[in-house]
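Since the structure comes first, as structure tokens, the remarks are kept for the end.
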Amino acid sequence: MADGSVVPGLAESWEISDDGREYVFTLREDARWSNGDPITAEDFVFSFRRLVNPSTQGPLAAMMEPIGNANHIRKGIAPPDALAVRVQGEKQLAVTLTEPTAHFLEILAHTLAVPVHPDNVDRYDDALTAADTTALRVTGAYQLAAISPQRAVLTTNPHYYGADKLGYERVELNFIADHDQQLAWFINGDLDVTSHVPDRDYATLRREFKRELVVRPFYGVLTYAFDTTEPPFDNRAIRQAISMVVDREAITGDLLAGGNPPAWHFVSPGVNPAGNYFYEWRSWPRERQIEKAQALYAEAGYNANNPLQFDLHHIAVGEYEAIATAFAEMIETHLGATVTAKAKPFEEVVQGWRNFAQWDMHRYGVGGTYNDANSILEVLQSDSYRNPAGWKSDDFDRLLREAASEQDPNRRATLLLDAEALMLQDYVMLPIYFMVTKRLVSSEVEGGEITVMNQLFSRHLSPRNANLR
């Protein structure tokens with residue numbers, strides 16, 4: 001749902017054991033594939049095994065590692081049929097987890113958990129280039145009628161359990177990567193919903209398309225990561241000093257002007273469970289912030305005769321380059337440091353950020369893959385291959401483990417907030433702004449809300465008049 005809550009879909013209900021390790025899902029009796037075949041528990045067993053099988057696993061297969069033996073299967077240590085999923089009846093699926101994982105339902109709400117019909121696997125090497133797309137078996141509200149490099153045409157799946165409630169019988173998905181072209185199509189009436197809007201047109205669109213412009217929080221944050229493994233940023237005081245002199249409001253308001261709110265914490269607003277940590281000094285007057293930062297700078301051993309010098313790696317793309325330039329100027333102006341901003345291609349930044357010897361500070365954008373604070377906090381676990389700062393904290397790791405096994409939602413929210421606060425108090429990352437979803441939605445379309453994961457489901461949309469399009 002738009003508020004992030006998990007609701008029944010193909011499973012009409014589920015039961016969770018007291019220890020949080022056993023899940024039993026009861027599938028809907030009327031759940032059917034688009035060819036009329038019943039959707040069974042065996043379909044999920046087949047699909048989950050295929051997902052973690054090293055020879056067929058998807059790029060997000062690691063998300064399924066809470067399931068028993070998934071980790072060993074992905075590493076080739078155990079066979080796929082060792083995955084701890086089993087059929088308890090045609091419409092009952094049982095799943096056993098290695099450890100309690102309170103956000104497991106959020107993982108299953110991701111598209112990676114959608115079952116695959118065995119016929120699709122047997123018939124097609126690449127389903128999206130198949131000559132006979134109508135033979136594809138799907139579980140959702142719409143089935144693929146035609147596809148080309150320019151667009152896909154979807155029509156109602158007559159066997160979908162909610163087919164009688166769909167607002168549209170036909171949906172066209174136009175593959176338009178260029179945001180300017182999307183805007184032109186929308187203005188001309190050739191597009192009802194865009195996936196993005198050009199940032200430079202944001203202010204104009206706010207004035208001229210007040211009703212159609214939809215801006216919602218998106219689970220992502222643009223940050224700069226410190227290399228905490230070696231000098232100069234193995235020193236907490238200098239990390240805090242830099243964090244305090246960076247004017248986030250100036251960057252988001254004057255430089256970007258694209259609707260992105262300044263980020264004072266790591267987990268995006270609207271992500272479950274709710275609650276965020278804020279620095280005490282956030283509310284201080286700007287002069288007091290700078291004065292404190294300068295004191296910390298001196299405490300770390302830096303001054304006019306011994307200025308801090310470091311390399312800042314960023315992506316050589318429009319707004320990111322402008323942000324890095326402003327970022328460096330703020331640090332140099334208020335602290336007297338020397339910042340060498342090095343613009344690099346996106347691929348080089350992504351491939352090189354784990355090589356800590358090559359940089360001191362780098363741009364790091366991160367987004368959640370499922371609607372839970374754990375999805376983004378887990379990147380900073382000590383053993384995470386995605387850890388962008390080389391930071392290690394036994395207390396942080398412990399808090400995330402406790403949160404994963406905690407069944408009480410209020411207690412779990414507190415543990416996750418404590419983990420975020422611990423990381424922020426150590427100034428491991430420097431959040432700049434939160435990402436947002438910006439779309440244009442025709443005033444002729446109603447229903448549906450954009451989720452924090454930037455999901456807008458066609459099955460929730462309908463025309464404002466009573467006639468189907």
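All heavy atoms count here, side chains included; hydrogens, waters and symmetry mates do not.
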| message | My understanding is that only residues two or more places apart in sequence, or in another chain, count here; which of them pass side chain to side chain donor-acceptor pair (under 3.5 Å) with Trp281? | response | Tyr427
| query | Taking it one step at a time, do Tyr142 and Thr155 satisfy side-chain contact (heavy atoms from CB on, under 4.5 Å)? | reply | CA-CA 5 Å; Tyr142 293 93; Thr155 56; 5.7 Å; no
| Is any side-chain N of the basic residue among Arg239 and Asp426 closer than 4.0 Å to the acidic one's carboxylate O? | yes
| task | Work out which heavy atom in Pro115 is nearest to a heavy atom in Trp33; give both atom names and the distance. | result | O-CH2, 3.5 Å
| Of all heavy-atom pairs between Ser384 and Val379, which one has the smallest distance, and what is that distance? | OG-O, 3.3 Å
| query | Any side-chain heavy-atom pair from Asn454 and Arg439 closer than 4.5 angstrom? | reply | yes
| message | Does the Lys NZ or Arg CZ of Arg459 fall within the cation-pi geometry relative to Phe457 - under 6.0 Å from the ring centre and within 45° of the axis? | response | yes
| Those residues that, when tested against Tyr224, pass side chain to side chain donor-acceptor pair (under 3.5 Å) (two or more places apart) | none
| What is the minimum heavy-atom distance between Arg464 and Val445, and which atoms define it? | NH2-O, 3.6 Å
| Ring geometry between Phe25 and Trp14 (parallel below 30°, tilted from 30 to 60°, perpendicular above 60°) | tilted
Using atom types as modelled, flag every donor-acceptor pair under 3.5 Å from a side chain in residues 172-184 to any protein atom, sequence neighbours excluded.
residue: Glu172; atom: OE2; partner: Arg170; partner atom: NH1; Å: 2.9
residue: Glu172; atom: OE2; partner: Arg170; partner atom: NH2; Å: 3.3
residue: Asn174; atom: OD1; partner: Arg151; partner atom: NE; Å: 3.0
residue: Asn174; atom: OD1; partner: Arg151; partner atom: NH2; Å: 3.4
residue: Asp178; atom: OD2; partner: Asp180; partner atom: N; Å: 3.0
residue: Asp178; atom: OD2; partner: Gln181; partner atom: N; Å: 2.7
residue: Asp180; atom: OD1; partner: Arg200; partner atom: NH2; Å: 2.8
residue: Asp180; atom: OD2; partner: Arg200; partner atom: NH2; Å: 2.6
residue: Gln182; atom: OE1; partner: Ser195; partner atom: N; Å: 2.9
residue: Gln182; atom: OE1; partner: Ser195; partner atom: OG; Å: 3.3
residue: Gln182; atom: NE2; partner: Ile176; partner atom: O; Å: 2.8
residue: Gln182; atom: NE2; partner: Ser195; partner atom: OG; Å: 2.9

| said: I'd like to know whether Thr228 forms a side-chain contact (heavy atoms from CB on, under 4.5 Å) with Asp234, so could you lay out the CA-CA distance, the side-chain angles of the two residues, the decisive distance to 0.1 Å, and finally the verdict. | reply: CA-CA 4 Å; Thr228 65; Asp234 57 348; 5.7 Å; no
| Considering all heavy atoms of both residues, which atom of Asp311 and which atom of Asp360 are nearest to each other, and what is their separation? | N-OD2, 2.7 Å
| Any donor-acceptor N/O pair, Ser375 side chain to Thr369 backbone, under 3.5 Å | yes
| query | Under 4.0 Å between a Lys/Arg side-chain N and an Asp/Glu carboxylate O for Glu12 and Arg28? | reply | no
| said: Determine whether Thr101 and Asn374 satisfy the following criterion, side-chain contact (heavy atoms from CB on, under 4.5 Å), listing intermediate values before the conclusion. | reply: CA-CA 10 Å; Thr101 305; Asn374 183 81; over 6 Å; no
| request: Run the numbers on Val271 and Asp372 for side-chain contact (heavy atoms from CB on, under 4.5 Å), then give the verdict. | output: CA-CA 6 Å; Val271 172; Asp372 190 89; 5.5 Å; no
| remark: One should read off an interatomic distance between Leu335 CG and Gln294 CD, to the nearest 0.5 angstrom, of 6.5 Å
| Nearest 0.5 Å, what's the NE2-NE2 distance between His362 and His314? | 13.5 Å
| task | Indicate yes or no for a side-chain donor-acceptor contact from Glu406 to the backbone of Asp408 under 3.5 Å, with no hydrogens or angles considered. | result | yes
| message | With a 4.5 Å cut-off on side-chain heavy atoms, are Tyr202 and Val215 touching? | response | yes
| task | Please report the closest heavy-atom contact between Glu420 and Val267, naming both atoms and the distance. | result | OE2-N, 2.9 Å
| field | Interatomic distance, Phe209 atom CZ to Thr204 atom OG1 [nearest 0.5 angstrom] | value | 10.0 Å
| message | Just so I know, are the side chains of Leu108 and Phe44 near enough to count as touching, which here means a heavy-atom distance under 4.5 Å? | response | no
| said: Quick check on Arg282: does its CZ atom have over 12 non-hydrogen neighbours (other residues, nucleotides or ligands) under 6.0 Å away? | reply: yes
